[in-house]
Amino acid sequence: KVDWWLVGLYFALTLLGLLNIYSASYDPVHPAIYDKSQEYGKQFVWLSVSLCLAGVILLLEGSFIRSMSIPFYAFCMALLVLVILVGTEVNGAKAWFGVGSFGIQPSEFSKVAISMTLAKYLSTFSLAEINKFNRSSAIGLSQITGLPKGIIQMFSGRQVWVFLII
């Protein structure tokens, strides 16, 4: 079952973000919002790609997503190691893969992987057990799950969002 209100809210917030980028960096020489030579055009392309990807994900079975959470987590951890070895340095951080004229940051994929892994783990508990889940357990779980990412990236502050998800 799809929560269409949540999907609509996501779409509205994403569209508002795109319009903010468009209004902040508007160039009368390039007025089209889909002009890829401008920042708002690049964001429009990524918004389109993400909407297509979200549609595909909505078509997947939940059991498939649960079964792929651990392999996806391992794959993302491998990407984090690989980016240290062969990544491109941008603004002092060697955290990007350069692909053509754009870059991909594997730590963004690892956020999804950690969320999927935590969701799989927490889905093994009953509602009563989840209600007993205290704050110290949440901190410990976020540290254990995000620790490989923090060690690999040498910046454990990125684990804070994992705690916020829990």
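For clarity, every value in this text was computed on a predicted model and none was experimentally measured.
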Heavy-atom closest pair, residues Asp35 and Ser37: OD1-OG, 2.9 Å

Linked, directly or transitively: Phe11 and Leu9 (ILVMFWY side chains, under 4.5 Å): no

Euclidean distance, Leu79 CG relative to Glu108 CD, rounded to 0.5 Å: 13.0 Å

Contact check, side chains of Met77 and Leu80, non-hydrogen atoms, under 4.5 Å: yes

Within one Ile-Leu-Val-Met-Phe-Trp-Tyr cluster: Leu58 and Val112, side-chain cutoff 4.5 Å: no

From OH (Tyr26) to CG (Leu19), nearest 0.5 Å: 13.5 Å

Path from Leu53 to Leu60 over hydrophobic side-chain contacts below 4.5 Å: yes

Under 3.5 Å: donor-acceptor pair, side chain of Tyr22, backbone of Pro31: yes

same_hphob_cluster(Leu82, Phe75) at 4.5 Å side-chain heavy-atom cutoff: yes

Greater than 12 external heavy atoms within 6.0 Å of Phe97's CZ: yes

Approximate separation, where rounding is to 0.5 Å, of Ile33 CD1 and Gln38 CD: 12.0 Å

Interatomic distance, Ser107 atom OG to Trp96 atom CH2 [nearest 0.5 angstrom]: 8.0 Å

Distance in Å, Leu13 CG paired with Leu18 CG, rounded so as to fall on 0.5 Å steps: 12.5 Å

Euclidean distance, Leu51 CG relative to Trp46 CH2, rounded to 0.5 Å: 13.0 Å

Shortest non-hydrogen separation from Ser50 to Tyr10 and the atoms involved: OG-OH, 4.0 Å

Shared hydrophobic cluster for Ile57 and Met116 (ILVMFWY, side-chain gaps under 4.5 Å): yes

